[in-house]
Amino acid sequence: MAADTSALESTAPGVGAVVPEKPTLDGLEEKWVARWAEGDTYAFDRAGALSAPRSETYAIDTPPPTASGSLHVGHVFSYTHTDIVARYQRMRGKHVFYPMGWDDNGLPTERRVQNFYGVRCDPSLPYDSSFEPPEEPGKDQLPISRRNFVELCERLTAVDEAEFEKLWRRVGLSVDWSGVYRTVSETSRATAQRMFLHNLARGEAYAQEAPTLWDVTFRTAVAQAELEDRERPGAYHRIGFAGPEGPVFIETTRPELLPACVALVAHPDDERYQPLFGQTVRTPLFDVEVPVVAHRLAEPDKGSGIAMICTFGDLNDVTWWRELQLPTRAVIGWDGRFVADPPDGVPADVYAELAGKTSFSAQARIVELLRESGDLVGDPAPITHPVKFFEKGERPLEIVTTRQWYIRNGGRDADLRDALVARGREIQWVPEHMRHRYENWVEGLNGDWLVSRQRFFGVPFPVWYRLDAEGEPVFDEPLLAPESALPVDPSSDVPDGFTGDQRGVPGGFIADPDVMDTWATSSLSPQVASGWDTDPELFAHVFPMDQRPQAHDIIRTWLFSTVVRSHFEHGTVPWSHATISGFVVDPDRKKMSKSKGNATTPLDVLERYGTDAVRWRAAGARPGADSPFDEAQMKVGRRLAIKLLNVGKFVLGLGASAALTADAVTEPIDRGLLASLATVVDEATAAMDAYNYTRALEVTEAFFWSFCDDYVELVKTRAYASDEGARSAQAALALALSVQLRLLAPVLPFVTEEVWSWWQGGSVHRALWPTATELPTGGDRAVPAVAAETLAIVRKAKSEAKQSMRADVASATVTAPEVQVALVEAARRDLTAAGRIESLTVVAGDGPLTVDVVLAEAPDA
RNA sequence: GGGCGCGUAGCUCAGCGGUAGAGCGCUCGCCUUACAAGCGAGUGGUCGGGGGUUCGAACCCCUCCGCGCCCA
């Protein structure tokens, strides 16, 4: 701990503090985290904000971290980037609306709860109010009711969230912790359901029975945005179909889908197959008659150039099926296995061999059968090809026809697509080139946004269906929850006009069984955080927000879906700026992630180098740029923080204080130093306004080191005196310290606050960002620059003579261009003291400034 | 295959039309009363290759090579 805390009784930061004997970084985090919490230093002043113009509020749409996940250094970096901006805007006098959220909704939480407690959700079970999970997860997962499962999710995420908050406070995030939201909260659920109902009412959401990409492990539909291609081994099987004039050979990687074959397809220009178009062929083994059709998506140079269309092997099949209006012969069920009964028109005897099998074993069996029948030509030819996976899944996706909810996103509507691209152009992207990621994605969409998921933990659709006399649901007339009742859980709540005992009985009703995609909730983070559903006055003030910070990997998901929702509901972009941070990568330039095993635990690094050092390193990563994790860099940040403590102690130990003002600065070199600082302030401010915190820090830091190594060394002796010159130095040092502490405060919140507290009232983080106008004008920056240059040459002479910097100089003769002579003379007093120069002569001459240094005889040499 | 970004000192990166820069590293010095968790000095690059524009190119244009990310 810092040595001086006993003197601090007041809750106001800084009041009554003194400069410690031996300043240290140790313990600053604990001290100031507690002090900021007590003093509500980062509280959002709602009333003050609402009574001021919108331009005086700065609202941030913070990414809610996945509460069940774990944080690594990459997270610390990107959240620090945002915090630097937040702190800057606060110091500019803005009301900073900077809430934190937790994403405790969705699959990661569901999976973590299953593993942590050893349970699984079985929606058919009744709620058990006395249920307690086992101490240790058992070998087999314990089936529990949906409501019990959800309760465990909430219990576990609350623990995780408390840990996260502790870490974020230690990182120094200037979040208003009274405004935390959760994506699974009542408010979030109500917001998501209300927005969905609005989308539905305006025709922006709809349900449709359609072929859907399906993860057989999670047994849920997945959206285009959640897909990824993975290279997987496969094999082309050459199979003969019986054509009108002999066999037609196709090559397929999925022979097991033969019973699902509905046509063969070739490119319309392919002369080899033109004679067959309009004719029919018969499938081997099953002997089903299928047409030969032409379509531009068939690739002549792939395989034999003619392919079988199955319902459904891949997305091309879906396109062909839709555009060519082919029949459906689905064989794969929700569990990824071949369904029990063959499709219409497919003989049951052969199909019976496949029923109940997975794709893998069905393929093996089909290949055997084809060999026996002689329809398989040669051996399968191994290939590697891209296969679609759910990004969180481990088995290839199947395509299953199901009824799903969609929200329009321009994937099937050029006008909407253009409108959403135009929204993207309203956003200021930082860095600018990230805009292309957005436009590429929007322009490449091939379907609407599938938002329903067949999971248990999530926001349910506020929808029921009437059951007809036969007990079949009437999907065309969904029963919607009234907005006043939101949030609802349709599996326990009852639609208007019905009673609970009518659930599931003919003439009664059933609930829509699905929950929303996690992005369907996350895409409403601006609305949830800003009180769309709970505090319309606040929402009207802070929305559209100023900044959406996030990483570039979720532009297609989080960013895009947020734009879609805002476009529909509010007819505006959700924020004016999207700031995109890069990744922290390991030394091999691989993205740091827990699953790759190369993630560095943040707490360990924070403890070893101190928060300010880690934040300093984070600030060195420009917006959008990946940056390698290198501990050696942390030491540099730590050194900067220590330097601040020491120079602060020096300046304040001289008797410099906040009472000294610019008027006292009379010496040319002092005025020059402050003139130079004024340009630094201007540059840093311009850089911060452009979200270029890296540049702002660079400019400030360069000045700071030269301030310490040159200016302070030059004026030190004078500052120790007690004449007018001393007061000039002391005032300049005090002013420069004050300005520099404030310039560095967003990056180094702890050490700057510590030094600030030694001599100023209030928090540095509530102080105003410096402006050039608080510094005296008219100083000549060349005076300190030339003095430093001269001193450097004297130092070099001492260094080359292997002498101490304290070695005396008998005489130094400066030969300088005419215009510089007066500058050197203006710094004469400081130069002779700092260089320990007995006799300093300055003459005009040609060429650059030189110094002829004659060292005094060393006393005991 | 398409899009985007990047290739500058051993490492991390600035510079983006006018004489190659910083920090780290390394080498050599220095106990200097703010700081030895420090200070001073030095070392180090045909700015990925090739063409072009220009009085002048790391910077602009073309092309090639390599790396990364996103999308097919």
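A, B, ... follow the sequence lines: proteins, then strands. Residue 1 opens every chain.
Ring centroids of A:His552 and A:Phe583 are separated by less than 6.0 Å, placing the two rings close together. For an aromatic pair to be called close, the ring centres must be under 6.0 Å apart, and A:Phe560 with A:Trp449 fails this. Between A:His75 and A:His72, the ring center distance clears the sub-6.0 Å criterion.
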query: For RNA chain B, what is the dot-bracket line, given that a base pair needs Watson-Crick (N1 to N3, plus N6-O4 or O6-N4) or G-U wobble (N1-O2 and O6-N3) geometry with both distances under 3.5 Å, and | means paired with another strand?
result: ((((((((.[[[[.)..(..]]]]((((((.......))))))....[[[[[..)....]]]]]))))))).
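In this entry the distance linking CG of A:Leu445 with P of B:rA72 reads 9 Å, nearest Å. The interatomic distance linking A:Glu701 (CD) with B:rU12 (P) rounds to 19 Å, in whole Å. Atom CD1 in A:Ile555 sits roughly 11 Å away from atom P in B:rC70 (whole-Å rounding). Separating the CG atom of A:Leu645 from the P atom of B:rC35 is a distance of 13 Å, rounded to the nearest angstrom. Distance CH2 (A:Trp441) to P (B:rC70): 12 Å, rounded to an integer number of Å. For the pair A:Gln633 CD and B:rA22 P, the computed distance is 16 Å after rounding to whole Å. If you measure from atom CG of A:Asp229 to atom C1' of B:rA72, you get 7 Å, rounded to the nearest angstrom. One interatomic measurement links the two molecules: CG of A:Leu697 to C1' of B:rG23, which rounds to 12 Å at whole-angstrom precision.
The pair A:Arg296-A:Glu323 meets the salt-bridge criterion, since a charged nitrogen lies less than 4.0 angstrom from a carboxylate oxygen.
Put simply, OG1 on A:Thr813 and CG on A:Leu840 are 8.0 Å apart, with the number rounded to the nearest 0.5 Å. Rounding to the nearest 0.5 angstrom, the gap separating the CG atom in A:Leu733 from the OG atom in A:Ser728 is 9.0 Å.
When the P atom is compared between B:rA58 and B:rG18, the two are found 10 Å apart, to the nearest whole Å. Only the P atoms considered, B:rC61 is 12 Å distant from B:rC6, to the nearest whole Å. Using atom C1' as the reference point in both B:rG23 and B:rU63, the two lie 35 Å apart (nearest Å). Taking atom P in both B:rC59 and B:rC16, the straight-line distance is 13 Å, to the nearest Å. The same atom, C1', is picked in B:rG10 and in B:rG45; the two are 11 Å apart, to the nearest Å. Distance noted for atom C1' between B:rC71 and B:rC13: 29 Å (whole Å). B:rC35 and B:rG68 have their C1' atoms separated by 42 Å, with the value rounded to a whole Å. For the P atom pair drawn from B:rC62 and B:rC24, the interatomic distance equals 39 Å after rounding to whole Å.
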- request: Any chance you could list the contact pattern along nucleotides 13-18 of chain B? Use B for base contacts, S for sugar-phosphate-only contacts and - for none, protein heavy atoms under 4.0 Å, 5' to 3'.
  value: SS----
statement: Reading nucleotides 37-43 of chain B from 5' to 3' and marking B where a protein heavy atom lies under 4.0 Å of the base, S where only the sugar-phosphate is that close, and - otherwise, the string is BSSBSS-
N/O donor-acceptor pairs under 3.5 Å from side chains in residues 794-801 of chain A, not counting sequence neighbours:
{"unit_1": "A:Arg795", "atom_1": "NH1", "unit_2": "A:Asp710", "atom_2": "OD1", "d": "3.1"}
{"unit_1": "A:Arg795", "atom_1": "NH2", "unit_2": "A:Asp709", "atom_2": "O", "d": "2.8"}
{"unit_1": "A:Lys798", "atom_1": "NZ", "unit_2": "A:Met805", "atom_2": "O", "d": "3.0"}
{"unit_1": "A:Lys798", "atom_1": "NZ", "unit_2": "A:Ala807", "atom_2": "O", "d": "2.9"}
{"unit_1": "A:Lys798", "atom_1": "NZ", "unit_2": "A:Gly835", "atom_2": "O", "d": "2.8"}

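When all heavy atoms of A:Ser757 and A:Glu754 are compared, the closest pair comes out as OG-O, 2.6 Å.
Evaluation of the side-chain hydrogen bond (donor to acceptor under 3.5 Å, both in side chains) test over residues 383-393 of chain A, restricted to residues two or more places apart or in two chains, returns A:Asp229-A:Lys388, A:Glu391-A:Arg556.
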Report each atom pair, protein N/O against N/O of nucleotides 1-5 of chain B, whose distance is under 3.5 angstrom.
{"unit_1": "B:rG3", "atom_1": "O2'", "unit_2": "A:Asn440", "atom_2": "ND2", "d": "2.8"}

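The side-chain hydrogen bond (donor to acceptor under 3.5 Å, both in side chains) test applied to A:Gln633 returns no partner, not counting sequence neighbours. By the salt bridge (Lys or Arg N to Asp or Glu O under 4.0 Å) test, A:Arg639 pairs with no residue at all, sequence neighbours left out. Residues satisfying the salt bridge (Lys or Arg N to Asp or Glu O under 4.0 Å) criterion with A:Arg412, sequence neighbours excluded, are absent altogether. Partners of A:Asp314 according to the salt bridge (Lys or Arg N to Asp or Glu O under 4.0 Å) rule, which considers only residues two or more places apart in sequence or in another chain, do not exist here. With sequence neighbours excluded, the residues forming a ring-ring contact (aromatic ring centres under 6.0 Å, His included) with A:Trp214 are A:Trp334, listed by chain and number. Among residues two or more places apart in sequence or in another chain, the salt bridge (Lys or Arg N to Asp or Glu O under 4.0 Å) test is passed with A:Arg617 by none.
Residue whose closest nucleotide on RNA chain B sits further toward the 5' end, between A:Phe707 and A:Glu231: A:Phe707.
At a threshold of 4.0 angstrom between heavy atoms, the contacts of A:Gln224 are confined to the sugar-phosphate backbone, with no base atom among them. At the heavy-atom level, A:Lys716 lies under 4.0 Å from base atoms of the strands shown. When heavy atoms are screened at a 4.0 angstrom cut-off, A:Val647 is found touching base atoms of the nucleic acid.
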